[in-house]
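Single-structure report; data block below.
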Amino acid sequence: MGIYLPIAELSVNVFVLLAMGAAVGFLSGLFGVGGGFLITPLLIFYNIPPAIAVATGANQVIGSSFSGAMSHMKRGTLDFRLGFMLLAGGIVGSTAGIYVFSILRSLGQLDLFISLLYVILLGTVGGLMLVESVNSLRAARGGAPTGLKRPGQHNWIHRLPLKMRFRTSKLFVSVIPVLGIGAIIGFLSSIMGVGGGFIMVPALIYLLRVPTNVVVGTSLFQIIFTSAYTTLVHATTNFTVDIVLAMLLMVGGVAGAQYGVKAGQKLRGEQLRALLALMVLAVAVRLAVDLFIRPDNVYSLSIPGMG
Amino acid sequence: MAARLLFLRCVLALAAMVAGLVSAAAQNPNPEGIQIGLSTENISITAGFSGADLTIFGALENADPEVARQGRYDVIVVLEGPARRIVVRRKDRVLGVWINLQSEEFENVPVSYSVATTRPFQDITEPVSYRQLSLGTNNIYLQPADAEGNQPTIAEFTKALRERKVAAGLYSENVGGVRFLSQNLFRATVRLAPDAPVGTHKARAFLFKNGMFVKESSAQLEIRKAGFEQAVFRLAHNHGFFYGLLSVGFAMAVGWLGSIVFRRD
């Protein structure tokens, strides 16, 4: 069944989009990630203009992170103070990102930049995760206790000035890295249409030593606001948020996530991480191939000021 | 999904009059004319829109029955979308990566262009007259923003622009898409692509007699988004901030509903 997307201005198949949302929702339930980093490339593969895929991806991320953050708030595993500091950085980063986004679009280099960022980030994160999970799978086979290692309690980040106390996270740390992480995530959110959980979670755990149980809730909390801000600014400056597209993806996503959570309970942590790493790498490779292989057509058309 | 047929019936108030004139035309050396009519001045694109075949009816005036009987009248009907500025970019390889390097801007490029003819192009008239009339997907005049630029480059990008438009289904030709129903009544079928642009489209009919261009007639057609799509599009473009808030609100509502409907704990 076809449906006309009012902002993207093209007809798409409803079931393809619902299935896409459900598949990504399933994976995000399975792995506990927002799924923005999968939705945006999938939409681009489905010929949705990248500018619309990014802005709508940001909109879709709000839905999935909101439901996640709600349950963390009930359980008290959400550090509001840390969340707000990350958010302050996020707003700055997101504003800068949207500015860069418009410049790149007018230069005709937006698609390239989005693809490059995806390839680099997904390649790096996927590679690191794969190495880590394969190591812990090996260790588990050898009978050693598994789990993420937390080397040395203090590093250079803990010697920075402007310290602040975060009670829920039991942390006393400088606000500079907190604002910095927030800003990077905000920048990525506006250019890539991702929530940034796949970068924020490791950054909070490894750099700031935030307790793992607080990390996910706090990162989701910050992601809601960064992606809401990104959505708003894209909607006002670039007119690239397609509400119908976002709705279809979210409906599929919410349903898919439930099955993902159930499936996830049957798999071990390291296996899950290895699978997620493989998937992330697969997306990165697919995007990289497009960059290096001669395109079907070297010419492309665009309307100045539009995607 | 099968293409939904969208028929634009034209009521020809002229038909009776034309019929009356035909007999007189045999002796009367009045010049031939052509008329087309659309029963509606606007088409609405709704959620299910997946392209349409548009039927336009028309009539010849003062047609010579002798010429008509020998099939020496030809009609070409064009449906031309609104004009926009368009940038054509070319990717080239830099350090192994394909990057948009060169670009060329064009002005007043019709977003869509659908043409229907009675016979193959080469049988109707000479290539020269197609160029003069800027008729047919290969002859649409594409005006570079910087006409003084490098001529071979402009020619290359003009060709690419046409090819991309044809590949996207926005420029199309339907040979045999115009049929004479009687000696002076004809029916033309032009294709409206699924992503036909909204705005004012111009329907034009060209009459040829013995391979010579005789007369042209035109009518306007408004294509717009209907109902929900229209409301969403307007809201997004005129009240972007409010639309953004709405999108955010909806997303949160879906997330919240999701967490209630499927409790994870």
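Computed from a predicted model, the values in this text were never measured in an experiment. Values reported hereafter were calculated over all heavy atoms of this structure, with side chains retained and with hydrogens, waters and symmetry mates removed. Just so we're on the same page: letters track the sequence lines, and every chain starts at 1.
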More than 12 heavy atoms of other residues, nucleotides or ligands under 6.0 Å from CG of A/Asn47: is that the case?
-> no
So what's closer than 4.5 Å to chain A heavy atoms on B/Arg84: side chain, backbone, both or neither?
-> side chain
How close do A/Ile7 and B/Ala236 get, heavy atom to heavy atom, and via which atoms?
-> CD1-CB, 3.4 Å
So do the side chains of A/Val298 and B/Arg89 get within less than 4.5 Å of each other, counting heavy atoms only?
-> no
Chain B contact via A/Asp111 - side chain, backbone, both or neither, heavy atoms under 4.5 Å = neither
Greatest number of heavy atom pairs closer than 4.5 Å to chain A - which of B/Gly244, B/Ala193, B/Ser103, B/Ala253 | B/Gly244
Can you see which heavy atom on B/Ala251 is nearest to which on A/Ile62, and at what distance?
-> CB-CB, 3.7 Å
Which atoms of B/Val109 come close to chain A, meaning under 4.5 Å heavy atom to heavy atom: side chain ones, backbone ones, both, or neither?
-> neither
Engaged part of A/Ile243 at the chain B interface, taking heavy atoms whose separation is under 4.5 Å = both
Checking B/Arg93 side chain against A/Phe292 main chain: does a donor-acceptor pair fall under 3.5 Å?
-> yes
Would you say the side-chain atoms of B/Glu104 and A/Tyr299 include a donor-acceptor pair closer than 3.5 Å?
-> no
For chain A, find which of B/Leu95, B/Asp92, B/Ile99 contributes the most heavy-atom pairs closer than 4.5 angstrom.
-> B/Ile99
Whatever's closer than 4.5 Å to a heavy atom in chain B on A/Val244 counts as side chain
Nearest-0.5 Å distance that lies between atom CG in B/Leu257 and atom CE in A/Met250 | 11.0 Å
Would you mind telling me which of A/Val251, A/Asp242, A/Val241 has the largest number of heavy-atom pairs within less than 4.5 Å of chain B?
-> A/Val241
Using a cut-off of under 4.5 Å for heavy-atom pairs, which of B/Arg164, B/Lys165, B/Gln102 has the most such pairs with chain A?
-> B/Arg164
Heavy-atom distances under 4.5 Å only: say whether A/Ala246 touches chain B with side chain, backbone, both or neither.
-> neither
Heavy-atom distance under 4.5 Å to chain B: side chain of A/Leu116, backbone, both or neither?
-> neither
Is the number of heavy atoms from other residues, nucleotides or ligands within 6.0 Å of OH (A/Tyr46) greater than 12?
-> yes
Would you indicate whether the side-chain heavy atoms of A/Leu112 and B/Asn100 approach each other to under 4.5 Å?
-> no
B/Tyr243 and A/Ala235: which non-hydrogen atoms are nearest, and at how many Å?
-> CD2-CB, 4.2 Å
Determine whether more than 12 heavy atoms belonging to other residues, nucleotides or ligands lie under 6.0 Å from atom CZ of B/Phe250.
-> no
Measure across A/Thr231 and B/Ser247 and return the closest heavy-atom pair with its distance rounded to 0.1 Å.
-> CG2-CB, 4.2 Å
